[in-house]
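These notes are about the structure you will find just below.
First the proteins, then the strands, lettered A, B, ... as listed; each starts at 1. Since the model is a prediction, treat every value here as computed from it, not as a measurement.
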Number of protein chains: 2
Amino acid sequence: MMKSPGRRSLRHSLADGLRDRVVAGEFAPGDRLPGEPELARSLGVSRSSLRAAIALLEEDGLLRRMHGSGTYVTDRPLLRNDLSRNFGVSSMIAAMGLEPGTVDETCVAEEASAEVAAALGVAEGDAVSALRRVRTAGGRRVVDVTEWCRLDVLAPRAMAAVAGGSIYAALAERGLTVHHGVATITPDVAMGEVARRLAVPRGTLLLTVWQVDSTADDSVALASREHHLADAFEISVYRRGPGGGGEDER
Amino acid sequence: MMKSPGRRSLRHSLADGLRDRVVAGEFAPGDRLPGEPELARSLGVSRSSLRAAIALLEEDGLLRRMHGSGTYVTDRPLLRNDLSRNFGVSSMIAAMGLEPGTVDETCVAEEASAEVAAALGVAEGDAVSALRRVRTAGGRRVVDVTEWCRLDVLAPRAMAAVAGGSIYAALAERGLTVHHGVATITPDVAMGEVARRLAVPRGTLLLTVWQVDSTADDSVALASREHHLADAFEISVYRRGPGGGGEDER
DNA sequence: CCCCTCCAAGTTGTAGGACAACTTCGGTAT
DNA sequence: ATACCGAAGTTGTCCTACAACTTGGAGGGG
């Protein structure tokens, strides 16, 4: 039938549409959705596709299906900062209702550290593009971000053109849409340059997020390190299982 | 057709089976799986159910489907500690190849703090069951865990019977299988009692995980706070999107 | 020999219908 | 009032067919 939005797979478009309707409040938490046959008819798609879309949202924890009963909206209010979905610091800040900003932005070509080199698949010491900036929320410095790219992916000049915007958007314009990433979280304290950039005393508690982003074909597009002010915002994760990952649990 | 394992929905059983075969190495990272029709026949299920199972694993980041080409195993090596799936500290420790242990275990009824009360849905100051213990990995103290329950869910006596085991198992025996949870992560430093229990100097960096676990019908079953030693193990998260959650990204 | 085009086979994506398994709720008999 | 039963509605699974897409190889032209 209709095939208006983008050309991602139909079930993803359907899932997005349903997600929007849920967050818009059309279906309140705890409500039961219309039956699949009816909903599929009203959307002009087959029940198969609709079910695939619902499965995505169920996996996200937004919906919950009960055999013989119906499909319900989860009671859980939307996570303030769901680390498994929200991408980009500015969207996290915006999600809290604060005005995102950028200061102290510098962009250079630098030699890759061992860690960065391993992530980007280059040799240690090779030149890579690096974009460093401090993100502000309502004028307050909250995150110190450094992002690294291979030179052939985004030259320093192109990286500098990002200018306060999202580097994901710049990559997407070059046909490199980030599909997923793996983030590692460690506690930390502000020292030296980081403390100065964030304008906090040495020893201030930080949450450091080291992340490697890849495209749909698993090629690494971006590596980044974010130093978050501990009290700036909460970082949450929706955890599934157990029961989805094998029966260990001694 | 056959319906051997458990009686969770078929697609979840299929997903578990496939996941096991992948982690067992039957399909190496980058490999292409057999076609859906063939795989469905060999498993004795319909292609619809198989597709639903594959969709789950794709959402987990384990598989990747490409229209017209095939279904591939993700290159990403299995995350050491995927916070969005691994449940329970002992399984995290076991996943690292270390021997999990428990020391300093105490179980009492105590008055609920404001935070605990809000999570469990009781009034502040009401009595709740509390289980506190230190988890060890290979003999080293790595996590200080406190878990709270409503009295009618798990009485202190029943909670004490857990004795070094998983509280999830104890809950499951009472028909309360934990279906999902929401974890909030903050950096922290060891102070006072926590430092003493973990046998580290004051000021040692910690990663604190506050978590609320719920059953399939969204009723809260358990709240917990874990103080992780910063250098004990890495905590990682697989992040999907962007493109799955609406087009913000200024 | 190299390169380009085109086609055929194989793959995943979607459609649509049928039935099974399950829940819910109201009616009915006890 | 209570227990039982059944009809209606819902999600779960199966089946077949076709559309959309990718891949690789055959074949021809340079």
Side-chain angles (χ1 to χ4, degrees), chain A residues 1-18 27 30-59 62-74 175 179 215-218 243-244, chain B residues 1-18 27 30-59 62-74 175 179 215-218 243-244:
Chain A
M1 304 297 176
M2 55 187 67
K3 189 68 176 300
S4 38
R7 66 170 165 295
R8 286 209 318 290
S9 61
L10 177 54
R11 60 170 186 275
H12 288 105
S13 307
L14 286 175
D16 288 351
L18 282 177
F27 305 108
D31 277 6
R32 203 189 70 184
L33 265 60
E36 293 177 355
E38 176 186 343
L39 198 50
R41 253 198 335 274
S42 81
L43 290 172
V45 301
S46 75
R47 196 184 151 214
S48 321
S49 303
L50 175 62
R51 278 184 61 77
I54 292 179
L56 292 177
L57 298 179
E58 187 183 25
E59 200 66 1
L62 189 71
L63 299 182
R64 179 166 50 92
R65 286 192 283 195
M66 291 181 54
H67 189 179
S69 173
T71 302
Y72 302 82
V73 178
T74 303
H179 176 263
T215 62
D217 60 344
D218 269 329
Chain B
M1 307 307 171
M2 58 186 64
K3 188 69 173 301
S4 41
R7 66 172 166 294
R8 287 207 319 289
S9 63
L10 176 55
R11 61 171 186 274
H12 287 105
S13 308
L14 285 175
D16 288 351
L18 281 177
F27 305 108
D31 278 5
R32 203 190 70 182
L33 266 57
E36 293 177 356
E38 178 186 342
L39 198 50
R41 253 196 335 273
S42 80
L43 290 172
V45 299
S46 76
R47 196 186 150 212
S48 319
S49 303
L50 175 63
R51 277 183 61 76
I54 293 178
L56 291 178
L57 297 178
E58 187 183 25
E59 201 66 1
L62 189 71
L63 299 181
R64 182 166 48 94
R65 287 193 282 197
M66 291 181 55
H67 190 180
S69 174
T71 302
Y72 303 82
V73 178
T74 304
H179 176 263
T215 62
D217 60 345
D218 269 327

For A:S48, all residues meeting side-chain hydrogen bond (donor to acceptor under 3.5 Å, both in side chains), sequence neighbours excluded: none
A:T215: side-chain hydrogen bond (donor to acceptor under 3.5 Å, both in side chains) partners, not counting sequence neighbours: A:D217, A:S219
Distance check needed: [N] [atom2] versus [X] [atom1], whole Å only.
| X | N | atom1 | atom2 | result |
| --- | --- | --- | --- | --- |
| A:L39 | C:dA15 | CG | C1' | 16 Å |
| A:L43 | C:dT14 | CG | C1' | 14 Å |
| A:H12 | C:dT12 | NE2 | P | 16 Å |
| A:Y72 | C:dT24 | OH | P | 6 Å |
| A:L10 | D:dC18 | CG | P | 20 Å |
| B:I54 | C:dT14 | CD1 | P | 14 Å |
| B:R47 | D:dT16 | CZ | P | 12 Å |
| A:L63 | D:dT11 | CG | C1' | 13 Å |

Between B:R65 and C:dG13, is there a side-chain N or O to OP1/OP2 distance below 4.0 Å? yes
Distance below 4.0 Å between A:R51 side-chain N/O and D:dG12 OP1 or OP2: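 Yes, such a contact exists.
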Rounded to the nearest 0.5 Å, how far does CG of B:L39 lie from OG1 of B:T71? 8.5 Å
Sorted by chain and number, sequence neighbours left out, side-chain contact (heavy atoms from CB on, under 4.5 Å) with A:H12 holds for A:R8, A:S9, A:L56
B:S49 (side chain) and D:dC14 (base): donor-acceptor pair under 3.5 Å: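 For B:S49, whose side chain was compared with the base of D:dC14, there is no donor-acceptor pair (under 3.5 Å).
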Using a cut-off of 4.0 Å on non-hydrogen atoms, how would the nucleic acid contact of B:R11 be classed: base, sugar-phosphate, or nothing?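 Touches sugar-phosphate only.
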Looking at every non-hydrogen atom in both residues, tell me the closest pair between B:A40 and B:L50 and how far apart they are. N-CD2, 3.5 Å
If you take all heavy atoms of A:Y72 and A:G30, which pair is closest and at what distance? CD2-O, 3.7 Å
Counting heavy atoms from C-beta on, name the nucleotide in C:dT12, D:dT13, C:dA15 closest to the side chain of B:S9. D:dT13
Which of these nucleotides, C:dG16, D:dC15, C:dG13, is closest to any side-chain atom of B:S46? D:dC15
Which residue pairs satisfy the salt bridge (Lys or Arg N to Asp or Glu O under 4.0 Å) criterion with at least one member in residues 62-71 of chain A, sequence neighbours excluded? A:E36-A:R65, A:E58-A:R65, A:R64-B:D218
Distances under 3.5 Å between protein N/O atoms and the N/O atoms of nucleotides 8-11 of chain C, please, pair by pair.
residue : atom : partner : partner atom : Å
C:dG10  : N2   : B:G68   : O            : 2.7

